[in-house]
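A short write-up of the structure that comes next.
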There are 2 protein chains.
Amino acid sequence: MSQTPSKASGESLLFLTDEQLRKGIEAMFFAYRGFTADPDRILEERGYGRAHHRAVHFIRRSPGTTVNNLLSILGVTKQSLNRVLRALIEDGLVLSEVGTRDRRERHLTLTAEGAALDRALSDAQSHRMRMAYKAAGPEAVAGFRSVLEAMMDDTMRAQYDALKDRG
Amino acid sequence: MSQTPSKASGESLLFLTDEQLRKGIEAMFFAYRGFTADPDRILEERGYGRAHHRAVHFIRRSPGTTVNNLLSILGVTKQSLNRVLRALIEDGLVLSEVGTRDRRERHLTLTAEGAALDRALSDAQSHRMRMAYKAAGPEAVAGFRSVLEAMMDDTMRAQYDALKDRG
DNA sequence: TTGGAATGTCAACAAGGCTGACGTATTGTC
DNA sequence: GACAATACGTCAGCCTTGTTGACATTCCAA
């Protein structure tokens, strides 16, 4: 299992020690905490959680999407999503309209108030990401994105790719 | 708030459209799912969750650490940590020993069985990370790490840095 | 037209966060 | 030596967000 580095930590070829991999794992852990910290503060003020954030984000991203589609993107059960969706609808942030072609479906869109919340959350999160990008430099940003994309499951990457065009 | 790109998506200077930032946010979301997917499967078999994983990981990382120290690394309350720690101790994965210098403290270490679980989890997670690194290339890896590190809060980065040497 | 599949809703439960209160052992200070 | 502070454990109860089970509605195909 554990590697015995023949030379040292190579830079041209990809030789990775357990320590390097472990450090990468920890970087993900701590960075994800930072990544969610700012939106969490905003959400708390309104009594929402991360689940609400995710729902709002992806509805904004794909206006008119169905509950089923949102389900597969978020990777949760419909019952779980339904709870947060119900709250958002009752609070007037999300609009749920019966489908015209298939009346079993509900098409979800953000109201003006929902869009405002999305903007507040997105701005907070983008600000941190912009600062990180600025600190790390353009090449680092490209590397960051390509490692993250390679880390997704295939099914996730398909959904990730399907969301609008590539940055 | 929204930007009006004067030229296009620049590559030499760091000019970032809302779309690019949004794509970065989504990359974090989907990648983190992939990042936790493999360990989650292993944990489920044994009736553990991510909280147990985190505890085991950082005890392995800092053998003999105190409960208080672990608390500040994980960023949870002692009541929360105590629940998972109690389970791990009862199951014989973690050893809790009264401190010699300060007998109020408990020093935590992994038993052989605990170390075995850590290895299984770490191998699963490292494998995916290694594949992602290999797919993205050495320069991407460096960029990945530097963006993640820039995204942490200062207090988190201090703890991240304190964990062994730099990869 | 009827039975099965798909979509979405309601109810109940579990994991794992949280706060608050409290007990105990130990340390360090006045 | 008395006493406050520290480190840890625990009980009780709450919230979010995941889960499964049961069920109503709607569509479609046999």
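No hydrogens, no waters, no symmetry mates; every other heavy atom, side chains included, goes into these values. Predicted model, so just to flag it, every value in this text is computed and none were measured. Quick note on labels: first sequence line is chain A, next is B, and so on, each numbered from 1.
Rounding to whole angstrom units, CZ of residue A/Arg50 and C1' of C/dG17 are separated by 10 Å. Distance CG (A/Leu81) to C1' (C/dC10): 15 Å, rounded to an integer number of Å. Regarding A/Arg104, its CZ atom lies at a distance of 4 Å from the C1' atom of C/dA6, rounded to whole Å. We find that CG of A/Leu43 is positioned 18 Å from P of C/dG17, with the value rounded to whole Å. Atom-to-atom, NE2 of A/His53 to C1' of D/dT17 comes out at 16 Å; the value is rounded to the nearest Å. Rounded to a whole Å, the CZ atom of B/Arg83 is 13 Å from the P atom of D/dT10. In this structure, the CG atom of A/Leu71 is 16 Å from the P atom of D/dT17, given to the nearest Å. Between the P atom of D/dC15 and the CD atom of A/Glu44 lies a distance of 14 Å, rounded to the nearest Å.
By the criterion of side-chain heavy atoms lying less than 4.5 angstrom apart, applied directly or through intervening Ile, Leu, Val, Met, Phe, Trp or Tyr residues, A/Leu74 is grouped together with A/Leu71 in one hydrophobic cluster.
Note on B/His52: only backbone sugar-phosphate atoms sit closer than 4.0 angstrom, heavy atoms only; bases stay farther off. Residue B/Gly47 is out of contact with every strand shown, counting any heavy-atom pair closer than 4.0 Å.
Toward the 5' end of DNA chain C, the nearer of the two residues B/Gly99 and B/Tyr48, judged by each one's closest nucleotide, is B/Tyr48. Both A/Val76 and B/Val67 lie near DNA chain D, and the one whose nearest nucleotide falls closer to the 5' end is B/Val67.
A/Asp118 and A/Ser122 share no donor-acceptor pair across their side chains, judged by distance under 3.5 Å alone. Residues B/Arg50 and B/Thr36 bring a donor and an acceptor atom of their side chains to less than 3.5 Å of each other.
Residue side chain B/Arg106 does not reach the base of D/dG9 through any donor-acceptor N/O pair under 3.5 Å, judged by distance alone. One can find a donor-acceptor pair under 3.5 Å joining the base of C/dG20 and the side-chain atoms of B/Gln79.
Checked against the 6.0 Å centroid criterion, the rings of B/Phe58 and A/Phe29 qualify as a close aromatic pair.
Between B/Arg103 and C/dT26 there is a side-chain polar atom (N or O) within less than 4.0 angstrom of OP1 or OP2. An OP1 or OP2 oxygen of C/dG8 is reached within less than 4.0 angstrom by no side-chain nitrogen or oxygen of A/Arg86. Contact check, B/Ser80 against C/dC18: a side-chain N or O comes under 4.0 Å of OP1 or OP2. At D/dT6, none of the side-chain N or O atoms of B/Asn68 fall inside 4.0 Å of OP1 or OP2 (strictly under the cut-off). Phosphate proximity of D/dT16 to A/Arg54: absent, as no side-chain N or O sits under 4.0 Å from OP1 or OP2. For A/Thr77 and D/dT19, the shortest distance from a side-chain N or O to OP1 or OP2 is below 4.0 Å.
Here CE of B/Met129 is found 12.0 Å from CZ of A/Arg22. Values are rounded to the nearest 0.5 Å.
Of the listed nucleotides (D/dG18, D/dA7, D/dG9), D/dG9 has the atom at the smallest distance from the side chain of B/Lys78.
Side chain of A/Thr66 to main chain of A/Glu105: no donor-acceptor pair is present (N/O by atom type, distance under 3.5 Å, no hydrogens or angles).
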